[in-house]
Each structure stands twice: as structure tokens, then as C-alpha cells.
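Remarks on the structure that follows.
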Amino acid sequence: MSSCESIQGTLSGLRVVIDAGPTYEDIDPVRFLGNRSSGKMGFAVAEAAVEAGAKVTLIAGPVALATPPGVARRIDVRSARQMREAVMQAVDRADIFIATAAVADWRVAEYSARKIKKSTSCAPVLELVENPDILAEVAARNPRPFVVGFAAETDHVAEHAHEKLVRKNLDMLAANHVDERIGIGADDNALELIWRDGGESLPRAPKSALARKLVARIAARYHARTGKPA
Ligand code: CTP
């Protein structure tokens, strides 16, 4: 597919749920733990899915982005547990789930309702507990939608991506190098797409162009799996 090839109609009538952006895990009323993520890639994927004819639900962590025109529903959340709740409700009747969110892996064991004051004697020690893995939970459902995960890797991208695809039982994984000065916060990205019996490199391009290519590949793999024509 060239960058100007049409994706219109390739996801016609399908329900697509996309999570995007970071999650913030509050420590006290003024502090939080979070991942670096602008949400730009996820919002670009939502825009491309709308162009492909899908009914799109976009679940967004704290981002400063306008809802792409045509998105049927946007749900704003803050924490990983709120994102999980929203995804699990939305995904019930979804055909495709695309997890672009940079979910915080941990949250504090105990939120402090009062601002933690600096003490001259010692720095506080935060006890962390693991957050739910939203992607793995959706992939473990039965029946389940076609499930696409994202992964940010610094090394051995292909190996780690393949391991993650199998471990989380995904239909497709889109991996990117985080050390390439592209990706987080930037307007460009590059992706390694993999699925069980194949893969494809999508070279560096603006996130909007890359999102359209990704949606074209998702549509092709989805229709190949369900046996329905695109
Ligand atoms: N993800 C999720 N819920 C989490 C953590 C990650 O849904 N609690 C999803 C992300 O949205 C993304 C993929 O899982 O689609 C990324 O997984 P990643 O965090 O990179 O994988 P991990 O299993 O945490 O592996 P590691 O951090 O060891 O690379």
C-alpha cells in the first residue's frame, strides 16, 4: 500500500476500541507516577480507523489532544485501574482492540490523602503494587476481539516483540525502538509489525501515515482470520 492508497471501507461496520496516552497513578494530591506518552500515535490510529469505516471508541489517559472527527465515543481516564474499567466495558462487543496506551506498570500501595511533607531526616519510601495488564486481560477473554498490542523496546526488538506476542496471546504486535529519537512525543515513528506467521517493517514516517498503514494491515489480518471479505 502506498501512503496515499485508500483504506476507506476496510473496517466498515466493525467496532474498534483503542486505548491511548499514559496513565497517572496518584501518590498524593500533588504528585503522581506516570509513563512518558503524548497519545499522538493512539489518536492517529483512531483517526485512521474512522477513515476505514469503523465505529471507534477511544479511551484516553491524560493527554492534551482533540478528539479526531468521527470518533463515536471518547472516555477520559486517569489511572490504570480506571482505564481497565473503561476498556472492559467497551470491549464487550468489540471486533478489534488496539492497545496503544503506555499504562503505568505500578501504582502506590497506599494513596496519601494529605500532601506528603518533606522531612529533614529521611526521604519517603514508596511501596508499589503492580497494575492490571489490560491487554493480557482482553486477550484472555472468550470470546475475544482481534487483539493488537504495542511495545516500546530499547534492544533486541524482534526477539522481545515475538516473546510478548506469544506471552500475551496477541494477534498482532507493533514494536518500536525507543532509542531512535523518534516515537515518544515526536510526530514521526517507525514500527516493526509481527504476527504469528509473519511480520513487516513500517519505516519511519509521520504518525498519521504510519497509523493508516497499520490500520490497513490490521484490516487485512482481521479479515484473513475471520474469513470475511474486506
Ligand atoms: N499494557 C497494558 N496494561 C499494562 C501494561 C501494558 O494493557 N498494565 C499494554 C500496552 O498498552 C501495550 C503493551 O501492553 O500494548 C506493552 O506492554 P509492555 O508494558 O511493553 O510489556 P510488559 O509486559 O510490561 O513487558 P516489559 O515492560 O517487560 O517490556
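All ligand and atom numbering here is 1-based and tracks the order in the structure.
- Partners of Glu47 under the salt bridge (Lys or Arg N to Asp or Glu O under 4.0 Å) rule, at least two apart in sequence or in another chain, do not exist in this structure.
- Within 4.0 Å of ligand 1, contacts by protein heavy atoms are made from Ala99, Ala101, Val103, Asp105, Pro132, Asp133, Ile134, Leu135, Gly149, Phe150, Lys164, Arg167, Lys168.
- Salt-bridge formation is detected for the pair Lys164/Glu153: a Lys NZ or Arg NE/NH1/NH2 atom is positioned less than 4.0 Å from an Asp or Glu carboxylate oxygen.
- Not counting sequence neighbours, the partners of Arg73 by the side-chain contact (heavy atoms from CB on, under 4.5 Å) test are Thr57, Ile75.
- Here Lys168 pairs with Asp133 under the salt bridge (Lys or Arg N to Asp or Glu O under 4.0 Å) rule; sequence neighbours left out.
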Kindly determine whether Arg84 and Asp19 satisfy salt bridge (Lys or Arg N to Asp or Glu O under 4.0 Å), including the steps that lead there. CA-CA 10 Å; Arg84 179 199 163 273; Asp19 67 20; over 6 Å; no

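- The pair Lys207-Asp188 fails the salt-bridge criterion, with no side-chain N (NZ, NE, NH1 or NH2) lying under 4.0 Å from an Asp/Glu carboxylate O.
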